[in-house]
Amino acid sequence: MLELNIPLPKYAAAEKLSQGLIEYMVQADMNPGETFPSDRDIMKAIGRGRYSVRQALKLLQDKGLIERRGGIGTFVGQRIVDYKNLKKRPIIPDQQSSSHKIDTKEKKLLKVTVIMGGITVTQDSRERRLNHWYYDTILQELSYYSLEENYTVEIMSEINADSELVRQRFEVSPPDLLVCIGPAINYMTTIGEAIRQGIIVVILVVRSPEYGLINIYEDSRNACQEAIRYLTERGHHRIGFFQILSQSGWWSIDRFEYYREALELEGADQDESLALWLPLQTQNITEIVRHYLKRAQPTAVLCGSYHSVSWFRELIISGELSIPRDLSLITFDQATQVSFYLGGKRPTTIQLPIRDIGQTLATSVHKLVEEAGNKPQQIVLPSHFVEGETVRNLNETD
């Protein structure tokens with residue numbers, strides 16, 4: 001019988017059970033793509049009913065830690081790598097021994113407020129998973145370094161619509177550092193009031209030099225050029241770009257520009273019909289994608305985020321589209337849910353430096369507060385092209 005050492009009280013919540021399953025995966029050194037225990041195995045191992053187990057597995061699936069493939073089974077997801085890396089980090093010497101204590105007196109205790117907008121909760125959970133992945137990763141880094149760097153972290157909901165509420169909140173309990181994750185346009189009221197009150201503002205992930213603030217963001221230019229070169233070397237010249245204009249769609253504007261630059265550098269077709277941008281609420285997206293593929297006839301498509309990849313899934317399931325036989329795909333983002341959307345294939349990706357962004361911020365809090373003020377500062381971290389199984393070499397004969 002499967003052995004799961006998950007201590008549970010009588011009425012343990014699904015969240016606690018999911019945490020126990022994460023611990024099991026880490027201790028068993030499970031890797032992405034490995035077979036995960038079945039629902040029945042877990043139920044027998046811990047003596048819990050099907051409902052509780054399925055709720056816990058749903059949480060793991062939403063976090064990209066497992067992939068549920070209908071009729072096939074459950075598999076370990078890509079995000080387990082992040083959790084395993086976190087466990088391998090050296091333990092912060094806080095309470096390990098009296099001779100290894102952090103002298104927090106050398107650093108003033110600071111307050112970091114993180115404002116998060118655009119967490120969309122709809123019947124379709126794709127958008128929720130996508131946004132939560134960005135926020136979760138950055139918050140994980142801030143939490144990990146908070147003791148060592150001597151700061152507290154406060155989560156602030158998006159309250160842009162009420163400028164008076166923002167003003168009162170900052171006057172009553174002002175942070176030393178306000179962190180905005182995503183496009184600055186989502187937080188203009190809050191940013192404006194923070195600057196008026198002398199609070200230092202940091203914008204994460206999205207390049208925003210026009211605001212003249214501290215900005216830590218991804219640079220996907222080189223990785224995008226590498227991806228397009230990879231495709232052209234394999235005979236692809238009609239390379240499309242597809243993005244759903246969700247909240248995260250704002251984050252893809254630079255990626256689209258890098259795509260266009262790379263097409264020109266590599267001598268690929270620059271037909272405007274190869275680019276497809278759609279609002280999130282568009283009806284019949286699958287039909288639009290079907291028409292786009294027939295009309296533009298790309299041999300490869302670059303997706304601005306993995307959320308966009310999901311809209312190919314219906315065509316893949318129906319057998320109308322085979323990846324990479326009929327179409328090669330590369331996506332920006334980490335490979336969390338993409339393998340599921342692509343029928344289990346390991347995606348070719350431009351992986352974003354979200355963890356690096358969070359770690360850079362977490363280890364620079366005091367420096368930013370004490371030295372930088374609100375002086376413009378650009379900290380750019382590179383993305384990386386990673387080869388997978390979703391690109392076909394057109395130069396090879398079948």
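Side chains are part of it too, since the values below use all heavy atoms of this structure and drop only hydrogens, waters and symmetry mates.
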Q: Let me see the working for E370 and K108 under salt bridge (Lys or Arg N to Asp or Glu O under 4.0 Å), right down to the final yes or no.
A: CA-CA 10 Å; E370 296 168 5; K108 174 186 174 183; over 6 Å; no
Q: According to a hydrophobic-cluster definition based on side-chain heavy atoms being under 4.5 Å apart (Ile, Leu, Val, Met, Phe, Trp, Tyr only), do V179 and M188 belong together?
A: yes
Q: Under a 4.5 Å side-chain heavy-atom rule over Ile, Leu, Val, Met, Phe, Trp and Tyr, are I199 and V172 clustered together?
A: no
Q: Okay, side chain of R207, backbone of D219: is any donor-acceptor separation there less than 3.5 Å?
A: no
Q: Is it true that Q197 and R167 share a donor-acceptor pair across their side chains at a distance under 3.5 Å?
A: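 Looking only at side-chain atoms, Q197 and R167 do not form any donor-acceptor pair under 3.5 Å.
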Q: Hey, does the side chain of T363 reach the backbone of Q359 with a donor-acceptor pair shorter than 3.5 angstrom?
A: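 Answer holds: yes.
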Q: Determine whether V391 and P324 make a side-chain contact, defined as any pair of heavy atoms from C-beta on separated by less than 4.5 Å.
A: no
Q: Donor-acceptor pair, distance only, cut-off 3.5 Å: does the side chain of S383 make one with the backbone of L352?
A: no
Q: Side chains of P32 and F75: does their closest heavy-atom pair fall under 4.5 Å?
A: no
Q: May I have the step-by-step check of side-chain contact (heavy atoms from CB on, under 4.5 Å) for V365 and Y145, ending in yes or no?
A: CA-CA 10 Å; V365 167; Y145 286 99; over 6 Å; no
Q: Is the backbone of E387 close enough, under 3.5 Å, to the side chain of R346 for a donor and an acceptor to pair up by distance?
A: yes
Q: Run through Y258, F332, Y230 and flag the one making a ring pair (Phe, Tyr, Trp, His ring centres under 6.0 Å) with F385.
A: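 Going through Y258, F332, Y230 one by one, the ring pair (Phe, Tyr, Trp, His ring centres under 6.0 Å) with F385 is satisfied by Y230 alone.
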Q: Yes or no on side-chain contact (heavy atoms from CB on, under 4.5 Å) for L274 and I239, after CA distance, side-chain angles and deciding distance?
A: CA-CA 7 Å; L274 287 167; I239 304 169; 5.9 Å; no
Q: Heavy-atom distance under 4.5 Å between the side chains of F36 and M25, does that happen here?
A: yes
Q: Please check this pair: side chain of N395 against backbone of E233, looking for a donor-acceptor N/O pair closer than 3.5 Å.
A: yes
Q: Would you say I288 ends up clustered with W311 if hydrophobic residues are merged whenever their side chains have heavy atoms under 4.5 Å apart, either directly or through other cluster members?
A: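 Shared cluster, yes.
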Q: Are the side chain of S146 and the backbone N or O of T152 linked by a donor-acceptor pair below 3.5 Å?
A: no
Q: Please answer whether the main-chain N or O of G304 pairs with a side-chain N or O of Y259 as donor and acceptor at a distance below 3.5 Å.
A: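 No, because the side chain of Y259 does not come within donor-acceptor range (under 3.5 Å) of the backbone of G304.
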Q: Is there a path of hydrophobic side-chain contacts, each under 4.5 Å between heavy atoms, that joins L381 and V386?
A: no
Q: When you look at R169 and M156, which way does the side-chain contact (heavy atoms from CB on, under 4.5 Å) test go after all the steps?
A: CA-CA 10 Å; R169 174 156 184 172; M156 180 178 176; 3.7 Å; yes
Q: Can you check side-chain contact (heavy atoms from CB on, under 4.5 Å) on E314 and V289, steps first, answer last?
A: CA-CA 10 Å; E314 188 172 320; V289 171; over 6 Å; no
Q: So among T286, I323, L293, which one has a side-chain contact (heavy atoms from CB on, under 4.5 Å) with F312?
A: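 By the side-chain contact (heavy atoms from CB on, under 4.5 Å) criterion, F312 pairs with just one of T286, I323, L293: L293.
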Q: S364 side chain to K367 main-chain N or O, any donor-acceptor pair under 3.5 Å?
A: no
Q: Out of the candidates D356, L177, I379, only one should pair with L361 under the side-chain contact (heavy atoms from CB on, under 4.5 Å) rule; please name it.
A: L177
Q: Any chance the rings of F256 and W277 have centres within less than 6.0 Å?
A: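 Here the rings of W277 and F256 have centres that are less than 6.0 Å from each other.
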Q: If you count every heavy atom of other residues, nucleotides or ligands that lies below 6.0 Å from E264 atom CD, does the total exceed 12?
A: no
Q: Consider only side-chain heavy atoms of I, L, V, M, F, W and Y, link residues closer than 4.5 Å, and tell whether F242 and L315 are in one cluster.
A: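 Yes; L315 is reachable from F242 via cluster members.
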Q: Determine yes or no for a side-chain-to-main-chain donor-acceptor pair under 3.5 angstrom, with H366 supplying the side chain and E149 the backbone.
A: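 Flag set: sc H366 to bb E149 pair under 3.5 Å.
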Q: Would you call R290-E287 a salt bridge at under 4.0 Å N-O?
A: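 Yes, R290 and E287 are salt-bridged.
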Q: Do L329 and C303 come close enough that some side-chain heavy atom pair is under 4.5 Å?
A: yes
Q: Would the distance check show the side chain of T113 and the main-chain N or O of E154 forming a donor-acceptor pair, the cut-off being under 3.5 Å?
A: no
Q: Show, in sequence, the C-alpha distance, side-chain angles and deciding distance for E226 and R229, and conclude whether the salt bridge (Lys or Arg N to Asp or Glu O under 4.0 Å) test is met.
A: CA-CA 5 Å; E226 186 178 352; R229 185 181 308 116; 5.9 Å; no
